[in-house]
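Written out below as structure tokens is the structure these notes cover.
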Amino acid sequence: MIIYYIVVLYFIIINIIGFVIMGIDKRKAIKKRWRIRESTLFLIAFVGGSIGAILGMRIFHHKTKHWYFVYGIPLILLIQIAVGVYLIL
């Protein structure tokens with residue numbers, strides 16, 4: 001049962017990180033500062049932060065003109081859901 005709580009806590013934290021990192025990168029873009037690499041943004045989504053990244057994209061209006069983010073991050077989420085369902089069943 002403790003594993004369940006650890007997994008849930010992990011996904012909460014990684015999604016908060018995904019959301020916050022989108023906001024930080026948007027702020028840096030506005031200020032024309034050094035940016036967070038796109039590969040880092042995708043990595044955070046890939047390791048479980050895809051929901052946070054999608055929410056960050058929508059709320060901060062960030063990376064919404066890049067097709068590889070608009071389609072890539074939700075695709076990562078769909079794959080994660082499919083893997084999760086497979087592992088549960």
Do [X] and [Y] share a hydrophobic cluster, counting only Ile, Leu, Val, Met, Phe, Trp and Tyr and linking them when any side-chain heavy atoms are less than 4.5 Å apart?
{"X": "Tyr86", "Y": "Val7", "result": "no"}
{"X": "Tyr5", "Y": "Ile12", "result": "yes"}
{"X": "Tyr71", "Y": "Ile76", "result": "yes"}
{"X": "Val8", "Y": "Met1", "result": "yes"}
{"X": "Phe46", "Y": "Ile79", "result": "no"}

So does [Y] get a backbone contact from the side chain of [X], meaning a donor-acceptor N/O pair under 3.5 Å?
{"X": "Asp25", "Y": "Arg35", "answer": "no"}
{"X": "Lys28", "Y": "Ile36", "answer": "no"}
{"X": "Asn15", "Y": "Ala53", "answer": "no"}

Minimum-distance pair of heavy atoms, taken over all atoms of [X] and [Y]:
{"X": "Ala45", "Y": "Ile73", "result": "CB-CD1, 3.6 Å"}
{"X": "Pro74", "Y": "Ile54", "result": "CA-CD1, 3.9 Å"}
{"X": "Val70", "Y": "Thr64", "result": "CG2-O, 3.2 Å"}
{"X": "Ser50", "Y": "Gln80", "result": "OG-OE1, 2.5 Å"}
{"X": "Phe19", "Y": "Ile59", "result": "CE1-CD1, 3.6 Å"}
{"X": "Phe69", "Y": "Lys63", "result": "CB-O, 3.5 Å"}

Query - Close side-chain approach of Glu38 to Tyr68, heavy-atom, < 4.5 Å - result: yes
Query raised in the report: With a 4.5 Å heavy-atom cut-off, do Met57 and His62 have their side chains touching?
Result: no
Query raised in the report: Of Val83, Ile88, Leu89, which meets side-chain contact (heavy atoms from CB on, under 4.5 Å) against Val85?
Result: Leu89
To the nearest 0.5 Å, what is the distance between [atom1] on [X] and [atom2] on [Y]?
{"X": "Ile16", "Y": "Leu55", "atom1": "CD1", "atom2": "CG", "value": "11.5 Å"}
{"X": "Leu41", "Y": "Ile24", "atom1": "CG", "atom2": "CD1", "value": "10.5 Å"}
{"X": "Met22", "Y": "Arg58", "atom1": "CE", "atom2": "CZ", "value": "10.0 Å"}

Query raised in the report: Would the number of heavy atoms belonging to other residues, nucleotides or ligands and lying under 6.0 Å from CZ of Phe42 be above 12?
Result: yes
